[in-house]
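I have placed the structure first, in the form of structure tokens, so that the comments after it can refer back to it.
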Amino acid sequence: MEKLLLVIKREYWTRVRKPTFILATILTPLGIGLFFVVMGFIMTYEGEEKRHVAIIDSSNILGEDVSITSGSGLSFEKTSEALDKLKQDERFDAVLELPPLGDLSSSDYEVNYYSDEGILGVGVLESIKGGLERNVYRYKAEQYGFEKAQLESLDTDVSLERKTLDDSAPEVSTNASYTAMVIGGVMGFFMYFAVFLYGMMVLRSVSEEKTNRIVEIMVSSVKPFQLMMGKIIGVGLVGLTQVLIWAIMIPIILVITQLIFGMDPQAMQEASANMPGSGDTKEAEQTLMIFIQEIKAQNWLLILPLFVVYFLGGYIMYSSLFAAVGSAVGDDTGESQSLTLPISLPVLIAFYMMFAVIRSPESWLASFASIFPLFSPIVMPARLAFSPPWWEIVLSLVVLILSVIFFVWLSGRIYRIGILMYGKKASFKEIGKWIFRKD
Amino acid sequence: MNILEVQDVTKQYSGHTAVDDVTFSVPKGCVFGLLGPNGAGKTSLIRIITGITEADKGTVVLDGGKLDGRDPLQIGYMPEERGLYKQMKVDELLIYLARLKGMSKADALKESNAWLGRLEISDWKKRKISELSKGMAQKIQFISTVMHKPKLLILDEPFSGLDPINANLIRDEIFQLKEQGTSIILSTHRMEQVEAFCDAIVMINKGKNVLEGTVSGIKERFKEHKYEIGFRNDIPDNLPSQGTVLEKRGNTLLFQANNEADANAFLGGIIRNGVEIRSFREVLPSVNEIFIMVAGAPVETENAA
């Protein structure tokens with residue numbers, strides 16, 4: 001036990017102190033922060049300078065408030081001067097001439113603007129056009145004699161709510177299942193990523209030890225099983241450290257980028273709302289609110305511990321198999337690829353199954369995949385947000401734990417022979433024999 | 001009193017017998033040679049002694065049952081194929097390996113410093129293993145094998161890849177350890193290396209024990225009554241009839257007699273003829289030659305890599 005701790009400590013510290021680890025751990029959140037800064041910059045890009053636009057509005061369609069659109073670096077000024085004179089005026093970059101609305105029932109309205117080429121970009125023109133459409137809409141409504149409240153009530157939000165067929169079953173809102181899909185997708189993706197990244201780390205490190213023959217020295221002091229478990233646990237702790245640092249750093253960096261670059265999600269939404277073809281800002285805001293509420297409504301006290309259990313189970317199971325492969329192959333990369341395939345395949349299948357499962361979380365496929373031990377560490381965390389039946393969770397956990405024990409035992413049997421075996425090509429048949437061979 | 005007794009040990013690997021019913025014992029406090037060509041089963045045997053693998057059949061008793069081969073604190077084993085963690089610093093690695101053997105941190109620190117000083121590599125203490133030369137890395141391996149003061153030291157091809165200076169250094173350390181009462185098993189396929197070195201040997205060929213005993217005893221047993229005479233001047237033409245001339249090289253003559261009395265008579269005859277003699281010695285077969293006699297096959301001897 002003491003030796004196991006020593007091995008774990010070494011495996012952990014030598015990795016965590018490596019410059020590449022520190023770089024990857026710090027650069028990833030910075031990269032994400034940079035991504036948001038760049039995205040925000042692109043979305044709120046306002047052109048190089050402020051544009052001052054003169055408005056000729058003889059029939060007073062705009063009313064008092066002439067700021068047709070916010071943002072886009074535009075400022076507007078209503079003026080009663082003649083068009084020809086305005087064209088010469090150095091103060092204005094462009095002149096917008098709003099002709100009277102002849103026929104209210106006509107849905108066409110042509111507005112001219114005067115400027116040099118390239119002064120008003122396509123995005124700017126689109127936001128001016130959108131602003132004018134909103135103003136004309138309001139103007140027409142006033143002319144027809146609608147009240148403001150009546151107008152607002154014309155815009156109706158329709159939401160589809162599912163009610164259960166069985167009266168006793170709890171109600172699940174449609175929004176909730178959208179949210180679950182997102183949460184499930186994120187969790188499943190994370191699991192897939194973690195199993196592969198850290199599992200391969202174990203494989204590389206085992207085959208390195210075998211190739212440079214340090215393992216011969218190690219087994220004179222440590223049992224091979226202790227060495228293998230020390231490596232698996234040590235690398236697992238490295239993974240947890242990395243994930244924890246990301247979990248703390250990413251939100252902090254996002255907040256900092258917001259503070260420094262003044263990009264809050266709302267501004268980005270507005271910016272995207274101004275983009276051609278996008279929906280209403282208000283609607284987007286509402287969706288976000290509902291999403292946040294749904295996230296808060298999830299039973300995180302249950303989901304998070306279970307997530308950790310599945311992470312550990314999946315990681316230990318797969319990384320022990322990767323360790324067994326690493327011990328069998330040594331430095332032959334081609335061989336290592338062909339032996340890694342049978343392990344990577346279930347991970348990949350589970351990853352694709354996860355997408356099917358979050359689309360239809362109550363199908364038989366979902367039940368099967370969240371109990372079958374090679375898939376459950378990736379599929380079940382994705383499904384947890386959909387509140388699967390409790391007995392399926394219990395069964396899945398029991399099967400997973402038994403499988404972890406089995407695969408660790410199996411890998412230990414292969415590992416102890418594999419690390420001391422040189423020169424022989426490790427076929428599956430050969431490896432199968434190792435499992436049953438005496439020490 | 002024996003430090004190691006190997007009794008009828010057999011080990012098979014998928015159809016091929018690596019160790020075939022081997023029996024021998026190692027007396028306490030001596031340097032013992034485990035000899036045999038490459039692939040003879042030496043490493044398999046060592047792995048059984050150190051408890052890394054289990055024998056299919058037979059027993060291994062260490063120090064009359066007082067030593068546990070699986071207890072790394074009592075055994076120092078330097079495998080033939082040995083590496084180090086390249087990314088670790090010298091002192092970190094030594095302390096790590098010592099603690100895995102069961103030493104306390106304080107002891108490990110003290111011993112590693114003492115040994116690094118002794119082998120003159122203290123300056124490299126804080127360097128990474130990857131920065132070390134091959135010879136230095138081998139010193140580190142040797143330190144890690146002996147720093148916990150094991151009662152039994154097992155060295156598998158300890159000189160392979162060592163330059164002559166380092167080989168001498170390690171050899172001196174091995175003698176020092178022997179002086180301090182450590183029993184040492186030295187496994188090698190380079191038999192000429194061990195002649196001056198080992199008190200007793202066992203020869204393994206194709207998994208079998210083919211010869212066992214003290215080096216001097218074995219040489220005595222296999223001696224062929226060959227003698228070498230060095231003359232002051234040229235070798236005389238008429239030589240006594242008691243010996244067969246094997247070779248004449250400059251002023252040196254190699255001859256074979258049937259027994260010691262004949263050899264004496266041969267020498268006496270020359271002296272009586274008034275020929276001046278500079279030297280006279282018995283030529284004993286080398287361990288390598290004895291192995292060929294016993295095993296009936298030439299033994300490949302590699303030059304040091």
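This is a predicted model, so every value here is computed, not measured. Proteins come first, then strands; the chains are lettered A, B, ... in the order of their sequence lines, and each starts at number 1. Only heavy atoms go into these numbers, but all of them, side chains included; no hydrogens, no water, no symmetry mates.
- Heavy-atom pairs under 4.5 Å with chain B were tallied for A/Q226, A/E2, A/M218; the largest tally goes to A/M218.
- Proximity to chain A (any heavy atom under 4.5 Å) is shown, for B/M78, by neither the backbone nor the side chain.
- The contact between A/V219 and chain B is made by backbone and side chain atoms together, counting heavy-atom distances below 4.5 Å.
- No side-chain N or O of B/Y77 forms a donor-acceptor pair with one of A/S221 less than 3.5 Å apart.
- Between the side chain of B/K42 and the backbone N or O of B/L35, no donor-acceptor pair lies under 3.5 Å.
- With no hydrogens or angles considered, no side-chain donor-acceptor pair links B/Q176 and B/R171 at under 3.5 Å.
- For A/E209, the part lying under 4.5 angstrom from a heavy atom of chain B is the side chain only.
- Of all the listed residues (B/T145, B/L100, B/I154, B/L84), the one sharing the greatest number of non-hydrogen pairs under 4.5 Å with chain A is B/L100.
- Under 3.5 Å, the side chains of B/T10 and B/D56 contain no donor-acceptor pair of N or O atoms.
- Neither the backbone nor the side chain of B/E80 comes within contact range of chain A; no heavy atom of the residue lies under 4.5 Å from a heavy atom of that chain.
- Between A/F307 and A/F311, the distance separating the two ring centers is not shorter than 6.0 angstrom.
- Both the backbone and the side chain of A/V7 come within less than 4.5 Å of a heavy atom in chain B.
- Under the 6.0 Å cut-off for aromatic ring centres, A/F351 and A/F189 qualify, their centroids lying closer than that.
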